[in-house]
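Predicted model, so just to flag it, every value in this text is computed and none were measured. Only this structure's heavy atoms are used, side chains among them; waters, hydrogens and symmetry mates stay out.
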Amino acid sequence: MAAIKPDCSSRIQSCQRKPVHFPKQKLMAVTEYIPPTPAAPPGALAPRVRQTEEESALAVLLRKDLETLFKECKMIAVVQNNAINAEDLMVLKHKLKRHNISVKFFPNQVTRSFLSNSIYSNMWPLFVGQTVIIVSKEPKVKEMLQTLRHSPQMVLLGACIENTLLSYQGILNYSKLPSMTTIQGELVGGLTMMTSRTVSMLLHHPAHLSALLQQYVKQQGSGDSTNAVTDKDTIKEAAA
């Protein structure tokens, strides 16, 4: 007879886990242990050696020229070059040269290297992209602004005028100030007027006193002559 196989389907019990609540999941994720990464033993990592690039002879020469430029010039303006062509640039240089204003070109890397170790370090952010330096030994701001109006490709960013860093609006305000010759003329005129008034005030009282004394002397002289005439008439009447 064939053996009867037992029915095991009734003995199998399925165990399904209940889903974990979302707050508990977050708590378990936050409190999960994260082992620290093992530190490397001393001497396992070789120290990194930074390779320092030495400046070329040309960069050193340009830095010296830039230092001399900042010492000799009272006006140093930074202009952004927005793809001006060679012909317009030549015309701009010629117009500025009439007012003894020069246009200089320096690489931004050399300029930033010089500015980072100088008193002009606040000009460092101006040198971004294609920049040009416009310099003059005297602050000729009006002439520079009038010339740059005809070159829209050249945008004025800022300037250092007489060791003072100015923005574009500050440069416009500076250009509206009167020239040094005008101020000196007004100052001399005011001092001359004050001196003349002081002299007139000092001479007024002695002159007035002298006029009063002269008037007094005249009055005394006229009084004495009148008394003398009166005395002569009295004598004649008494003799008669």
Exercise. Treat each ILVMFWY residue as a node, draw an edge where side-chain heavy atoms are under 4.5 Å apart, and state whether F106 and F114 are in one component.
Key: yes
Exercise. Find out if a path of hydrophobic residues (ILVMFWY) with successive side-chain heavy-atom gaps under 4.5 Å connects L145 to L89.
Key: yes
Quiz item: Roughly how far, to the nearest 0.5 Å, is the CG atom of N122 from the CG atom of L126?
Solution: 9.5 Å
Quiz item: Hey, what else clusters with V91 if you join Ile, Leu, Val, Met, Phe, Trp, Tyr whenever side-chain heavy atoms sit under 4.5 Å?
Solution: none
Quiz item: What is the distance from atom CE of M123 to atom CZ of R112, rounded to the nearest 0.5 Å?
Solution: 13.0 Å
For residues 71-87, which side-chain donor-acceptor pairs fall under 3.5 Å, sequence neighbours excluded?
| residue | atom | partner | partner atom | Å |
| --- | --- | --- | --- | --- |
| N81 | OD1 | I84 | N | 3.2 |
| N85 | OD1 | E87 | N | 3.4 |
| N85 | OD1 | D88 | N | 2.7 |
| N85 | ND2 | D88 | OD2 | 3.1 |

Quiz item: Applying side-chain hydrogen bond (donor to acceptor under 3.5 Å, both in side chains), which residue pairs with at least one partner in residues 131-152 are found, sequence neighbours left out?
Solution: N108-T131
Practice problem: Indicate the atoms forming the closest heavy-atom contact of S113 with S116, along with that distance. | Solution: O-OG, 3.0 Å
Self-check item: Counterpart residues, salt bridge (Lys or Arg N to Asp or Glu O under 4.0 Å), relative to K26 (two or more places apart)
Solution: none
Quiz item: Hey, mind stepping through L157 and Y168 against side-chain contact (heavy atoms from CB on, under 4.5 Å) and telling me if it holds?
Solution: CA-CA 6 Å; L157 301 178; Y168 177 74; over 6 Å; no
Exercise. Please list, chain by chain and in numerical order, all residues satisfying side-chain contact (heavy atoms from CB on, under 4.5 Å) with I34, sequence neighbours excluded.
Key: none
Quiz item: Other hydrophobic cluster members with L61, side-chain heavy atoms of Ile/Leu/Val/Met/Phe/Trp/Tyr under 4.5 Å, chained?
Solution: none
Practice problem: Each residue besides Y33 in its hydrophobic cluster should be listed here, by chain and number; the cluster joins Ile, Leu, Val, Met, Phe, Trp and Tyr at side-chain heavy-atom distances under 4.5 Å. | Solution: none
Quiz prompt | Exercise: identify the closest heavy-atom pair between G158 and I171 | solution = C-CD1, 3.8 Å
Quiz item: For F127, which residues count as a ring pair (Phe, Tyr, Trp, His ring centres under 6.0 Å) partner, sequence neighbours excluded?
Solution: none
Self-check item: Transitive ILVMFWY side-chain link M90 to L148, under 4.5 Å
Solution: no
Quiz item: For P107, which residues count as a side-chain contact (heavy atoms from CB on, under 4.5 Å) partner, sequence neighbours excluded?
Solution: L62, V110
Quiz prompt | Test ring pair (Phe, Tyr, Trp, His ring centres under 6.0 Å) applied to Y120 - qualifying residues, sequence neighbours left out | solution = F70
Listed pairs under 3.5 Å, donor-acceptor, residues 92-100 side chains, sequence neighbours left out:
none

Quiz item: Cluster partners of L27, using ILVMFWY side-chain heavy atoms under 4.5 angstrom, listed by chain and number?
Solution: none
Practice problem: Inspect the surroundings of CD in Q25 and state if more than 12 heavy atoms from other residues, nucleotides or ligands are less than 6.0 Å away. | Solution: yes
Quiz item: Do I161 and L69 belong to the same hydrophobic cluster, where Ile, Leu, Val, Met, Phe, Trp and Tyr are linked whenever their side-chain heavy atoms lie under 4.5 Å apart, directly or via other members?
Solution: no
Quiz item: With hydrophobic residues grouped by side-chain heavy-atom distances under 4.5 Å, do M144 and L166 end up in a single group?
Solution: yes
Quiz item: Considering all heavy atoms of both residues, which atom of L66 and which atom of T111 are nearest to each other, and what is their separation?
Solution: CD2-CA, 3.7 Å
Self-check item: Chi angles and distances behind the side-chain contact (heavy atoms from CB on, under 4.5 Å) call for Y174, Q169
Solution: CA-CA 9 Å; Y174 186 91; Q169 187 62 39; over 6 Å; no
